[in-house]
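Below is one structure; the comments refer to it alone.
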Amino acid sequence: MKSSGQASELEIPAAELKQAAVLMAILVAIQLALLLLLFSSAPSKVPAYLGFAPGRAGTPGAWVLAALFTAVYVRSAAAISYVRLYLLRIDMLKCLALVAAVMAGVVEEVVFRKLVMDALMDRGFGPVAQVVASALAFGLAHAVWGLRSLAAGLNAVLSTTLLGGALAIVYLAAGRSLAPCVAAHVLITALIEPGLILAAIADRLGVWRERRQP
């Protein structure tokens, strides 16, 4: 991606900040409902199910891969000026993004890695098919960004398809432990949001680059 401006030059209108806060709040509410749907029957078993328990955290190699994929994805996203502005910035909007990051990291990894890939494994599909299906499902789920603009939608689908494939590989490398996948997903979202949402609101998301303002 190519940057179209310096983060320090950005002045985000109050209306855009408010819109981002509303969208983040909606995302948190949806993710919370999904969490309750997934885990309400046995909340005490959630840590072990996710891999955050002794003997279930995966392999060292999987954690190294997760760290590498996280660094590459965040570096790519940071080419967008809004993402750079909010990368390490702390305010109420960032705090809301952190809550959303934890919920999205858990819900999306359970759905797109564990449920999708394990279901395919149970039906006799091999690792390659599992990775491809997980990647495509994850990418298509982010096509909702296309409601703002076609370019933003294409960028979201392409980038998250690649990320979904990377996290699927991590899941297999971890012996089907979700722990490194969840950790990577949470960290990525925590760093790039709410910058990515703000960039979408401002119509600055292009395909593999930041759109230039007229």
Side-chain angles (χ1 to χ4, degrees), residues 1 23 26-27 30-31 33-35 37-38 49-51 58-59 61-77 79-80 83 100-193 196-197 199-200 205-210:
M1 295 181 182
L23 289 174
I26 292 172
L27 288 174
I30 292 172
Q31 300 285 6
L34 290 173
L35 276 174
L37 181 64
L38 288 168
Y49 183 82
L50 297 178
T59 64
W63 283 94
V64 170
L65 280 176
L68 176 62
F69 292 145
T70 297
V72 170
Y73 196 86
V74 171
R75 180 178 175 83
S76 175
I80 299 169
V83 173
V102 173
M103 293 186 176
V106 173
V107 171
E108 294 181 13
E109 291 311 306
V110 168
V111 172
F112 295 107
R113 251 54 69 189
K114 190 162 190 64
L115 296 184
V116 169
M117 295 178 69
D118 287 7
L120 289 173
M121 179 186 67
D122 292 342
R123 287 163 176 76
F125 289 92
V128 174
Q130 294 173 39
V131 169
V132 171
S134 176
L136 291 176
F138 190 61
L140 290 174
H142 289 80
V144 66
W145 287 83
L147 294 175
R148 184 64 182 86
S149 73
L150 178 59
L154 287 174
N155 183 74
V157 170
L158 290 173
S159 61
T160 54
T161 295
L162 291 175
L163 178 60
L167 292 175
I169 292 171
V170 171
Y171 181 58
L172 294 180
R176 298 188 178 268
S177 170
L178 282 175
C181 304
V182 170
H185 197 144
V186 169
L187 184 56
I188 287 170
T189 306
L191 288 170
I192 69 175
E193 296 293 0
L196 206 59
I197 285 180
L205 293 181
V207 180
W208 297 121
R209 63 182 179 85
E210 183 173 0

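Positions are given from 1 along the sequence.
Using a distance-only test at 3.5 Å, with no hydrogens or angles considered, a donor-acceptor pair links the side chain of Ser134 to the main chain of Phe112. Proximity of a side-chain donor or acceptor of Thr70 to a complementary backbone N or O of Ala66 within less than 3.5 Å is detected. Proximity of a side-chain donor or acceptor of Ser177 to a complementary backbone N or O of Thr59 within less than 3.5 Å is not detected.
In this structure, the separation between CG on Leu35 and CD on Gln31 is 7.0 Å, given to the nearest 0.5 Å. Between atom CD1 of residue Ile192 and atom OH of residue Tyr73 there is a gap of 5.0 Å, rounded to the nearest 0.5 Å. To the nearest 0.5 Å, atoms CG (Leu150) and CG (Asn155) are separated by 11.0 Å. Expressed to the nearest 0.5 Å, how far CG of Leu140 lies from OG1 of Thr161 amounts to 6.0 Å. To the nearest 0.5 angstrom, Leu163 atom CG is 7.0 Å from His185 atom NE2. Taken from CZ in Arg113 to CZ in Arg176, the straight-line distance is 12.5 Å, to the nearest 0.5 Å.
When every heavy atom of Leu178 is checked against every heavy atom of Glu109, the shortest pair comes out as CD2-O, 3.5 Å. What you find for Ala179 and Gly51 is that their closest heavy atoms are CB-O, 3.7 Å. Taking every heavy atom of both residues into account, Ile80 and Ala199 meet most closely at CG2-CB, 3.8 Å. Residue Leu205 comes nearest to Ala200 through the heavy atom pair CD1-CB, 3.7 Å, listed as atom of the first residue, atom of the second, then distance. In this structure, Leu167 and Cys181 approach most closely via the heavy-atom pair O-SG, 3.4 Å. Scanning both residues, His142 and Phe138, for their nearest heavy atoms gives ND1-O, 2.7 Å.
With respect to Gln130, the side-chain contact (heavy atoms from CB on, under 4.5 Å) criterion is satisfied by exactly one of Asp118, Leu120, Val116: Leu120.
Under the 4.5 Å side-chain criterion, counting only non-hydrogen atoms from C-beta, Glu193 is in contact with Leu196. In this structure, the side chains of Leu38 and Val106 stay at 4.5 Å or more apart for every pair of heavy atoms. Side-chain atoms of Tyr49 and Val110, non-hydrogen and from C-beta on, do get closer than 4.5 Å to each other.
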